[in-house]
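Just so we're on the same page: letters track the sequence lines, and every chain starts at 1. Owing to the predicted nature of the structure, the values given are computational and were not obtained by experimental measurement.
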Amino acid sequence: MLSILRGFLLLTAFLMLGDITVELFTLPLSSGVAGMLLLTFWLLLRRRLSRDLAAASQPLIGMLALLIMPGVVGIFFQADEFSGQWLTIFIALILGTLLSSLTTLWLMQRLVASPRERPHE
Amino acid sequence: MSELLLRLESLAHTLPQHPETAIVLTLAAYFAGLRLFSWLRSPAWCPPILLAACLLAGLLALLPLGYTEYRRGVGWLTWLLGPATVALGVPLYQQVHHIRTLWKPIVLTLPPAAMLAAGYAVGIAWLLDATPTVLASLAPKSVTAPIAMGIVEELQGSVPLLMGALLITGVMATLSITLLARWGNIHDPRVIGFALGVNGHAIGTVRAFDIGPTAGAFASLGMSLTGVFTALWLPLMWHFVG
């Protein structure tokens with residue numbers, strides 16, 4: 001339990017650090033994302049993951065679905081705001097996702113396969 | 001006795017304002033959603049979060065509690081989204097060794113793939129005369145939810161619409177990548193996993209773990225990198241274009 005709290009302190013401190021960085025350099029990032037990037041760099045520099053950090057991050061990541069639920073519910077109360085645009089939204093999402101999936105598969109397949117075609121590598 | 005009734009009546013007015021009411025409703029709907037999901041035999045097209053959200057919306061509609069009031073009360077819980085987003089740095093760090101083994105295709109594929117994941121949908125919506133709010137809400141549609149919420153607030157889009165977009169994108173990416181891989185004769189789990197993570201965020205990653213651990217690892221790598229990369233370029237680009 002104390003291990004989780006110590007890890008939570010570390011995560012919240014990185015969130016604060018992210019907040020400070022975003023404010024100081026007026027970055028177009030949320031403080032959570034800035035904190036995540038700072039934490040990743042810090043871990044890459046240390047090359048070691050502490051038990052505390054693992055203990056605190058695992059349950060939090062597992063809770064993500066619960067934490068975004070209040071935001072998801074809003075769609076039922078703000079649906080009128082987008083009346084008349086639902087067809088556009090569906091077409092953009094379905095066609096857009098199909099096209100981007102096709103592009104990623106094609107690009108990645110070509111690039112992963114290409115070194116094998118050159119025998120001298 | 002009549003005094004007790006009076007107090008009961010005033011309680012009915014004040015109780016919905018308390019934060020614990022919002023939190024109890026959210027947690028109860030969450031666990032009921034999970035129950036319902038396993039009772040329906042875990043349908044892939046309908047994640048438990050959607051079921052839970054429908055239940056919660058029903059509860060809010062029935063009770064004398066407005067959405068704005070609810071959001072204020074539940075703030076105690078949603079604040080945790082901040083540290084939870086920071087926590088995503090841990091799996092990202094753990095996946096970094098995959099970049100070392102296959103850095104060239106990853107580095108070359110990620111930027112165009114992540115940009116097109118946003119670009120195609122925004123472009124199509126723009127051609128169809130969508131409003132700026134809709135465009136801003138669709139842009140982070142392939143990014144994992146906690147990061148996408150941060151982005152959409154920067155772009156001044158709508159969080160609820162983004163959530164709907166994330167759901168449709170995740171399901172659609174999973175379907176189309178499964179079909180396209182079969183049709184294009186692609187069997188490399190690294191390629192399929194990476195494509196699932198980049199386009200289908202958490203929903204695609206869950207599907208990739210069904211395929212196997214290699215596909216799953218590459219999906220979570222693709223998901224993390226897309227999130228980070230999009231969080232960096234999209235707001236900058238948006239300020240520049242808009």
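- Interface remark: T103(A) contributes side-chain atoms only to the contact with chain B (heavy atom separation under 4.5 Å).
- Of the two parts of V74(B), only the side chain, counted from C-beta on, holds a non-hydrogen atom closer than 4.5 Å to a non-hydrogen atom of chain A.
- Using a 30° and 60° split on the angle between ring planes, F82(A) and W86(A) fall in the perpendicular class, above 60°.
- Contact of E153(B) with chain A is not made at all, since no heavy-atom distance falls under 4.5 Å.
- Between W42(A) and F14(A), the angle of the ring planes lies from 30° to 60°, which puts this pair in the tilted group.
- Both the backbone and the side chain of L95(A) come within contact range of chain B, each with at least one heavy atom under 4.5 Å from a heavy atom of that chain.
- How far NE2 of H187(B) is from CD of Q109(A): 9.0 Å, rounded to the nearest 0.5 Å.
- Contact between A139(B) and W238(B) at its shortest, heavy atoms only, is CB-CZ3, 3.9 Å.
- Of all the listed residues (L102(A), T97(A), L60(A)), the one sharing the greatest number of non-hydrogen pairs under 4.5 Å with chain B is T97(A).
- More than 12 non-hydrogen atoms from other residues, nucleotides or ligands lie less than 6.0 angstrom from CH2 of W79(B).
- Only the side chain of P91(B) comes within contact range of chain A, judged by heavy atoms closer than 4.5 Å.
- Ranked by heavy-atom pairs under 4.5 Å with chain A, the list L25(B), L128(B), L27(B) is led by L128(B).
- Among F8(A), F77(A), W106(A), the residue with the largest count of heavy-atom pairs under 4.5 Å with chain B is F77(A).
- Proximity to chain A involves both the backbone and the side chain of Y30(B), based on heavy atoms less than 4.5 angstrom apart.
- Looking at D19(A), its side chain never comes within 3.5 Å of a backbone N or O of L15(A) through a donor-acceptor pair.
- Neither the backbone nor the side chain of F41(A) comes within less than 4.5 Å of any heavy atom in chain B.
- Contacts between L98(A) and chain B at a heavy-atom distance below 4.5 Å involve backbone atoms as well as side-chain atoms.
- Using a 4.5 Å cut-off between heavy atoms, L81(B) touches chain A through backbone and side chain atoms alike.
- The side-chain heavy atoms of D52(A) and I4(A), taken from C-beta on, include no pair separated by under 4.5 Å.
- Between chain A and the residues I186(B), L234(B), L179(B), the largest count of heavy-atom pairs under 4.5 Å involves I186(B).
- The greatest number of non-hydrogen atom pairs below 4.5 Å with chain B, out of T12(A), I91(A), I94(A), is found for I94(A).
- With a 4.5 Å cut-off on side-chain heavy atoms, L37(A) and L232(B) count as touching.
- A 6.0 Å sphere centred on CZ of R51(A) holds no more than 12 heavy atoms belonging to other residues, nucleotides or ligands.
- Other residues, nucleotides and ligands contribute only 12 or fewer heavy atoms inside 6.0 Å of the CD atom of Q58(A).
- For chain A, the option among G123(B), G184(B), A181(B), S158(B) with the highest count of heavy-atom pairs below 4.5 Å is S158(B).
- Atom NZ in K141(B) sits 4.5 Å away from atom OG in S100(A) (nearest 0.5 Å).
- There is no contact between W126(B) and chain A, counting heavy-atom distances below 4.5 Å.
- Using modelled atom types, one finds a donor on one side chain and an acceptor on the other under 3.5 Å when comparing Y70(B) with T26(B).
- Only the side chain of M149(B) comes within less than 4.5 Å of a heavy atom in chain A; its backbone stays farther off.
- Note on L53(A), L44(A), L87(A), L10(A): by heavy-atom pairs under 4.5 Å with chain B, the leading option is L44(A).
- Looking at L138(B), only its side chain comes within 4.5 Å of chain A, counting heavy atoms on both sides.
- Using a 4.5 Å cut-off between heavy atoms, L102(B) touches chain A through its side chain atoms alone.
- Using a 4.5 Å cut-off between heavy atoms, S142(B) makes no contact with chain A at all.
- Each of I68(A), I89(A), L99(A) has some count of heavy-atom pairs under 4.5 Å with chain B, and the biggest count is that of L99(A).
- For the set V191(B), V159(B), L108(B), the entry with the most heavy-atom pairs within less than 4.5 Å of chain A is V191(B).
- Although no hydrogens or angles enter the test, the distance criterion places a donor-acceptor pair under 3.5 Å between the side chain of H201(B) and the main chain of L166(B).
- Residue-environment remark: CD (Q78(A)) exceeds the threshold of 12 foreign heavy atoms within 6.0 Å.
- Residue with the most contacts toward chain A among I177(B), L196(B), L127(B): I177(B) (heavy-atom pairs, distance under 4.5 Å).
- The residue among L88(B), L92(B), L116(B) with the most heavy atom pairs within less than 4.5 Å of chain A is L88(B).
- Contacts with chain B were tallied for L64(A), V33(A), L93(A); L93(A) has the most, counting heavy-atom pairs under 4.5 Å.
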(request) Begin with the C-alpha distance, continue with both residues' side-chain angles, and end with the deciding distance and a verdict on side-chain hydrogen bond (donor to acceptor under 3.5 Å, both in side chains) for Q85(A) and T131(B). (result) CA-CA 8 Å; Q85(A) 301 205 56; T131(B) 60; 3.2 Å; yes
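- In this structure, L221(B) CG and Q95(B) CD are separated by 6.0 Å, a value rounded to the nearest 0.5 Å.
- Heavy atoms closer than 4.5 Å to chain B are found in the side chain of L39(A), but not in its backbone.
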